[in-house]
2 protein chains.
Amino acid sequence: MPRRAARVPVAPKRRAAEIRAAAAKVFAERGYHNATTQDIAEVLGIRQASLYYYIPTKEAALEAVCLDGAEGYMTRAAAIQRGPGDAAHKLAALLREHLEPLRDRADFVRVFLRERRHLPDASRRRIGRHARRYERIVEQVLKEGARRGEFRRGLDCRMAALAAIGMCNAAAAWYGREPEAPLERISGAFAQLLLEGVSRAQPKPAARRNRANPRRRPDHAER
Amino acid sequence: MPRRAARVPVAPKRRAAEIRAAAAKVFAERGYHNATTQDIAEVLGIRQASLYYYIPTKEAALEAVCLDGAEGYMTRAAAIQRGPGDAAHKLAALLREHLEPLRDRADFVRVFLRERRHLPDASRRRIGRHARRYERIVEQVLKEGARRGEFRRGLDCRMAALAAIGMCNAAAAWYGREPEAPLERISGAFAQLLLEGVSRAQPKPAARRNRANPRRRPDHAER
DNA sequence: GGTGTATTCTATAGGCTTATAGAAACGAAA
DNA sequence: TTTCGTTTCTATAAGCCTATAGAATACACC
């Protein structure tokens, strides 16, 4: 402990992050069960068995990647919920923050979304609880907006929350492959879409284009 | 060929469908690469090797299930697009039809959504083209609505189409586990959400509740 | 140069899975 | 009862993958 000063404190942490990043990349590309530890090792330029110096099992690597991918979502969402601003701004902020990790950590997010179900029961359930709490935060922001009259009264907040989260998570699948779709465009379009469908048209919906936009009146019900 | 009359015509087709259904169930539950042919055989109550009387390879089974899961989407969407009604009704119909297969064929749909990427290149690309054509139909319905002034002018139709499809596909993940969410509620809520976010408020938005709903004016840009 | 820790290596056991070969069982029709 | 096509069975080869054991290397510090 005393003398391995200059090397141990920094490098190991960085190396561990590199291992996780390699695992995330491979799991995201090929799917957990289709990915081999050999694949991960190749990304790192080391031998397959050398990986086991860092991870106890392949499953543990998946768990680490998933935790990493989930990290922060809850916290940031809760901060937005508690923070200042009306419900419309909060919803737009939730969307932005939900999509933001795709910029730098898309692999982690994708593995979290698509592969966490292959975790052993214990950790899968733990992570599942996080996800459900996150859903509830979005739902509550919507409920709060409806309660305050900012959003429409009869709004089905549960479905709306699931829709919002669902469209964002779907974006994780095509982000980067869809041409001409930077995050700003995605979150802007999603916010506008949701807000004008959800809000009763407060002063500040998350509209990016089309400002001078006199609306006609929606007056009839469908069917 | 001449004398196997009474038995061959019916049973084999049904049996083949049972095989596919078993494969779909197992692939949906465990994921393609985690599922074994043994698992499928167990569902059917036969031996693992007996499966190979029906399928040439496990991969072929996946392809059959995916094709089955994708079946009809394109056709029905195209019919809606060409059919009568305004864009709002068409969009609502697209959502309904997109979600409807979850009622009886959820396993197939889920496998199509989550496991098709593990198909060999050729068939994966073929199926991918279908999916993209489907996206384009949704997008065109939106464009048409915007062109005719039924939807808002500056509407980002591409993002809106991806959002709509994304929220529906996300629903495939939680449908059946989410309590109190029959398909009617889902498609109704999604339609209302999208339409009021998308339309410029023509006579008939897909509103189920809240009709008298005078909107205030959205006038400011976000940020 | 010697020492000790961290990191990577070679070699391989052991388990699981797909797919094939060939035999058996089952029925319907002759 | 025999025949014949269909369906399922037993047995197993062959390949792939995870994880372990133990040796070798690198490198900082004395």
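Order of the sequence lines fixes the chain letters, A, B, ..., with proteins taken first and strands second; residue numbering starts at 1 for each chain.
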Note to self: Please report the end-to-end axis angle for the helix from C:dG1-D:dC30 to C:dA30-D:dT1, five pairs per end, rounded to 10 degrees.
What the structure shows: 0°
Rounded interatomic separation in angstrom, taking [atom1] from [X] and [atom2] from [N]:
X	N	atom1	atom2	result
A:I55	D:dA19	CD1	P	7 Å
B:E18	D:dT8	CD	C1'	15 Å
A:I19	C:dT7	CD1	C1'	11 Å
A:K58	C:dG15	NZ	C1'	14 Å
B:L62	C:dT17	CG	P	18 Å
A:R15	D:dA26	CZ	P	15 Å

Per-pair distances, 0.1 Å, donor-acceptor, side chain in residues 59-70 of chain B, under 3.5 Å, sequence neighbours excluded:
from  : atom 1 : to     : atom 2 : distance (Å)
B:E63 : OE2    : B:R126 : NH2    : 3.0
B:D68 : OD1    : B:R105 : NH2    : 2.8
B:D68 : OD2    : B:R20  : NE     : 3.0
B:D68 : OD2    : B:R105 : NH2    : 3.4

For [X] and [N], is the shortest distance between a side-chain N/O and OP1 or OP2 below 4.0 Å?
X	N	result
B:Y53	D:dT8	no
B:Y54	D:dT8	yes
A:S50	C:dT7	no

Measure the shortest side-chain to side-chain distance between [X] and [Y] over non-hydrogen atoms and say whether it is less than 4.5 angstrom.
X	Y	answer
A:L51	A:L44	yes
A:D39	A:E29	no
B:I127	B:R124	no

Check: Do A:Q140 and A:E144 have side-chain N/O donor and acceptor atoms under 3.5 Å apart?
Finding: no
Margin query: Which residues pass the side chain to side chain contact (heavy atoms under 4.5 Å, CB included) test with A:A79, not counting sequence neighbours?
Written below: none
Check: In residues 26-49 of chain B, what residues come within less than 4.0 Å of DNA chain D, judged by heavy atoms?
Finding: B:I46, B:R47, B:A49
Next item on the list: Only pairs at least two apart or in different chains count here, so list each salt bridge (charged side-chain N to carboxylate O under 4.0 Å, His left out) that has a residue in residues 166-179 of chain B.
Entry: A:R158-B:E178
Next item on the list: Please name all residues satisfying ring pair (Phe, Tyr, Trp, His ring centres under 6.0 Å) with B:Y32, sequence neighbours left out, ordered by chain then number.
Entry: B:F27
Check: Any idea how A:F112 and A:Y73 line up, ring-wise: parallel (<30°), tilted (30 to 60°), or perpendicular (>60°)?
Finding: parallel
